[in-house]
Amino acid sequence: MKMSLEKKRRIVEACSTVGLILICAGLVAPFAGSENATVLSLYKWIYTVGALVYTVARMIDVNAPGDSMRLRRLRRMEMWAGFAFCIGAFFWFYNANRFAGFTFSLAVMNNTVMFTLAGALIQIIASWMIASAMRKEAGKQEESDNKKK
C-alpha cells in the first residue's frame, strides 16, 4: 500500500516536531535547578532520543518528482541540523563522563548548547528558505497554467 506524498510529509513533520520538543525538554530541564545526578542523566537521554527522532524524520525523502534541485537541497539541509543535534548529544555524554565529579555544570553542557544552537539556526534558515522556494515554485506553476489557458 503506497502512502501519498502529502500524508508522508505530514507524518515526517509531526515526527520532527516531536523530536524538537524532546530536544527542548532535554536541554531546558537541567537549568530548572535539579541537582540529582540520576534526574540529570534522564534529561541527557531525552535530548538524545529527540535528536535521533528528528534526524531520522529528516532523512526520509519527502520530495515530489517535480521538485526543483534547490528545494531538494534545502530539505537535505534540514538533515544537517539533525546531525548537529546528534553531535550535541554525543558531547553531552562525552563531557558528562569527563567531568564525572560534577553533578551539573556549564562545562558539561557547553558543547551541547553550542551544537544545539547551530542546528537550530540551520533549521530556521532552511525552513524559511523552503517556504520561500515553495511559494516561488507555486507562483511559476500558476503562471504557466495561466499561459496554457
Side-chain angles (χ1 to χ4, degrees), residues 1-34 36 38-97 104 106-149:
M1 184 167 152
K2 200 116 161 108
M3 187 183 311
S4 73
L5 182 63
E6 196 58 39
K7 184 175 180 181
K8 189 176 179 182
R9 282 184 182 166
R10 275 187 264 133
I11 291 170
V12 165
E13 288 300 322
C15 288
S16 64
T17 301
V18 167
L20 286 174
I21 290 170
L22 288 174
I23 288 170
C24 182
L27 196 60
V28 171
F31 294 107
S34 177
N36 187 350
T38 308
V39 173
L40 291 174
S41 176
L42 176 67
Y43 293 124
K44 175 173 47 177
W45 285 100
I46 291 171
Y47 178 91
T48 303
V49 168
L52 290 174
V53 166
Y54 177 84
T55 305
V56 168
R58 291 301 181 195
M59 291 174 108
I60 296 172
D61 183 27
V62 293
N63 293 309
D67 284 347
S68 68
M69 187 59 75
R70 177 183 173 92
L71 195 55
R72 290 174 188 270
R73 288 181 179 155
L74 287 171
R75 287 201 176 109
R76 193 176 315 129
M77 194 166 115
E78 288 181 318
M79 183 177 62
W80 285 101
F83 291 151
F85 296 142
C86 289
I87 292 169
F90 163 77
F91 275 114
W92 196 345
F93 279 93
Y94 176 73
N95 288 334
N97 290 336
F104 174 74
L106 197 53
V108 173
M109 295 289 293
N110 185 24
N111 293 328
T112 301
V113 170
M114 182 177 54
F115 278 101
T116 302
L117 289 175
L121 183 65
I122 293 169
Q123 173 61 36
I124 289 168
I125 291 170
S127 296
W128 286 342
M129 292 177 75
I130 287 172
S132 174
M134 288 180 78
R135 271 194 307 272
K136 285 180 183 176
E137 286 185 13
K140 287 179 184 176
Q141 182 66 30
E142 186 176 301
E143 189 178 297
S144 69
D145 289 345
N146 288 339
K147 285 182 181 179
K148 289 180 182 178
K149 291 180 182 181

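Everything numeric here is computed off the predicted structure, so don't read it as measured data. Hydrogens, waters and symmetry mates play no part in the numbers below; they use all other heavy atoms, side chains included.
Note that CD1 of I125 is 4.0 Å distant from CG of L121, once rounded to the nearest 0.5 Å. Between atom CH2 of residue W92 and atom CG of residue L27 there is a gap of 6.5 Å, rounded to the nearest 0.5 Å. For the atom pair CG of N95 and OG1 of T112, the computed distance is 6.5 Å after rounding to the nearest 0.5 Å. Here the CG atom belonging to N63 is positioned 5.0 Å from the CZ atom belonging to R75, to the nearest 0.5 angstrom. Interatomic distance, OG of S16 versus CD of Q123, reported as 7.0 Å (0.5 Å rounding). Distance CE/M134 to CG/L74: 11.0 Å, rounded to 0.5 Å.
Side-chain contact, E13 with T17: no donor N or O sits under 3.5 Å from an acceptor N or O.
Between I46 and the choices L42, V49, T48, the side-chain contact (heavy atoms from CB on, under 4.5 Å) rule is met once, by L42.
Looking at every heavy atom in both residues, G82 comes nearest to T55 through O-OG1, 3.0 Å. The minimum heavy-atom distance linking M77 with I122 is given by the pair O-CG2, 3.4 Å. Nearest heavy atom pair, residue R9 against residue A64, reads NH2-N, 3.5 Å. Nearest heavy-atom pair across R58 and M79 is CB-CA, 3.9 Å. Residues K8 and I60 share a closest heavy-atom pair of CE-CG2, 3.6 Å. I23 and G50 make their closest contact through CG1-C, 3.6 Å (heavy atoms, listed as atom of the first residue, atom of the second, distance).
Atom CZ of R73 has 12 or fewer heavy atoms from other residues, nucleotides or ligands within 6.0 Å.
Residues M129 and R70 form a side-chain contact, since some pair of their non-hydrogen atoms from C-beta on lies under 4.5 Å apart.
Using cut-offs of 30° and 60° on the angle between ring planes, the pair F90 and Y94 is parallel. Using cut-offs of 30° and 60° for the angle between ring planes, the F115 and F91 rings count as parallel.
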Assess the residue pair T116 and F85 against the criterion (side-chain contact (heavy atoms from CB on, under 4.5 Å)); give the C-alpha distance rounded to whole Å, side-chain angles, the decisive distance to 0.1 Å, and a yes or no. CA-CA 5 Å; T116 302; F85 296 142; 4.1 Å; yes
Show, in sequence, the C-alpha distance, side-chain angles and deciding distance for W128 and S132, and conclude whether the side-chain contact (heavy atoms from CB on, under 4.5 Å) test is met. CA-CA 6 Å; W128 286 342; S132 174; over 6 Å; no
